[in-house]
Number of protein chains: 2
Amino acid sequence: MLIGALLRVPARAIHRRLIRELNAAGFEELRLPHMAVLEFPGPDGARPGVLAERAGISKQAMNQLLRSLEEHGYIARSAAPNSGRARIIRFTSRGHAAYSKIQEVLREIEREWSAELGPKRFAQLKELLRVVWESPLTR
Amino acid sequence: MLIGALLRVPARAIHRRLIRELNAAGFEELRLPHMAVLEFPGPDGARPGVLAERAGISKQAMNQLLRSLEEHGYIARSAAPNSGRARIIRFTSRGHAAYSKIQEVLREIEREWSAELGPKRFAQLKELLRVVWESPLTR
DNA sequence: TAGCATAGTAAATTAACTTTACTATGAGAG
DNA sequence: CTCTCATAGTAAAGTTAATTTACTATGCTA
């Protein structure tokens with residue numbers, strides 16, 4: 001089994017479960033594409049262009065996601081201080097609640113994995129992934 | 001850092017690199033959605049409905065991907081033996097070549113990761129991911 | 001053999017992303 | 001100072017990809 005499938009399958013399982021549990025928790029408008037905005041480290045305080053780059057989509061596509069999230073009351077696009085053109089994304093309270101829910105589900109998933117692998121091996125797994133993350137490999 | 005981001009970011013990096021290198025190697029029609037068909041363990045010998053379930057998309061969506069891949073000469077949809085309605089997907093030689101290219105790129109990525117982490121830690125990482133894979137966690 | 005479930009397909013619709021195009025701001029050259 | 005050019009953000013149009021709806025053909029079983 002090559003590394004592609006080994007990473008892809010669990011990553012996708014987590015993604016789908018997040019959406020499912022968010023929808024069940026009352027955040028019904030959230031679809032998979034919205035996760036590009038909400039996932040770690042979240043949009044709060046960031047600028048649209050930075051979010052687009054993070055997510056690996058165009059600024060225009062990000063703008064559509066942001067507009068959608070704004071219409072549904074998750075975020076606000078406000079003018080940045082000290083700058084005429086820059087914008088800053090801010091969570092509304094609903095946005096904060098959704099983001100907290102995501103964290104909560106992820107922590108629950110971590111508990112489950114930890115139970116399955118044992119705490120020691122789970123910590124090892126996270127540590128190895130962190131090393132990969134911080135290396136130039138993922139850029 | 002929670003497990004979601006730790007898995008998602010490298011998985012996406014691999015995904016994008018695969019597309020990039022496939023396109024550069026002459027498989028120019030392949031887009032990201034096609035990967036749902038081509039990624040491990042590949043469509044060869046499988047039935048459309050099974051592929052759809054694997055990829056987590058509807059049978060209809062899978063059918064569109066298969067038609068697109070058929071039009072571009074990667075696969076053939078042939079009637080399954082001993083059954084009137086079932087179909088079997090078969091790689092053409094071009095499809096085989098693309099699939100081999102994917103394997104090749106993945107092995108190159110594994111070499112890079114192995115060099116970065118060291119062979120021992122890389123083997124550990126794969127082993128831990130394999131345990132996760134085989135557990136009920138990813139279903 | 002009638003009724004029903006399943007596999008596969010297709011058309012229409014909806015959703016999501018890219019391409020193209022524009023405005024406004026800011027930075028630097030002259 | 002002001003002209004030019006690069007950058008941030010946005011929007012509309014067009015394209016691509018997905019779902020929803022609907023249908024045919026096959027096979028099972030009551």
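Every chain is numbered from 1 and lettered A, B, ... according to where its sequence line falls, protein lines coming before strand lines.
- Hydrophobic clustering (side-chain heavy atoms under 4.5 Å, transitive across Ile, Leu, Val, Met, Phe, Trp, Tyr) groups M1(B) together with V9(B).
- Looking at residues two or more places apart in sequence or on another chain, you find a side-chain contact (heavy atoms from CB on, under 4.5 Å) between R90(A) and D44(A), S78(A), I88(A).
- Rounded to whole Å, the distance from CG on L51(B) to C1' on dA18(D) is 17 Å.
- Remark: L38(A) engages L30(A), F91(A), I102(A) in a side-chain contact (heavy atoms from CB on, under 4.5 Å) (not counting sequence neighbours).
- What separates CD1 of I57(B) from C1' of dA17(D) is a distance of 10 Å, to the nearest Å.
- Checked against salt bridge (charged side-chain N to carboxylate O under 4.0 Å, His left out), R111(A) has the following partners two or more places apart in sequence or in another chain: E108(A).
- Rounded to an integer number of Å, the gap from R47(A) CZ to dG26(C) P is 10 Å.
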Nucleotides 9-16 of chain C: protein proximity per nucleotide (B base, S sugar-phosphate only, - neither; heavy atom, under 4.0 Å): BB-----S
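- The distance between atom CE of M62(A) and atom P of dT19(C), rounded to the nearest whole Å, is 16 Å.
- With sequence neighbours excluded, no residue satisfies salt bridge (charged side-chain N to carboxylate O under 4.0 Å, His left out) with E116(B).
- Atom pair I19(B):CD1 and dC17(C):C1' shows a separation of 15 Å (rounding to whole Å applied).
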Residues 60-70 of chain B side chain polar contacts: donor-acceptor under 3.5 Å, at least two apart:
unit_1: N63(B); atom_1: OD1; unit_2: R77(B); atom_2: NH1; d: 3.0
unit_1: S68(B); atom_1: OG; unit_2: H34(B); atom_2: NE2; d: 2.8
unit_1: E70(B); atom_1: OE1; unit_2: R77(B); atom_2: NE; d: 3.1
unit_1: E70(B); atom_1: OE1; unit_2: R77(B); atom_2: NH2; d: 3.1
unit_1: E70(B); atom_1: OE2; unit_2: R77(B); atom_2: N; d: 3.1

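- A sub-4.0 Å separation between OP1 or OP2 of dT18(C) and a side-chain N or O of S58(A) is present.
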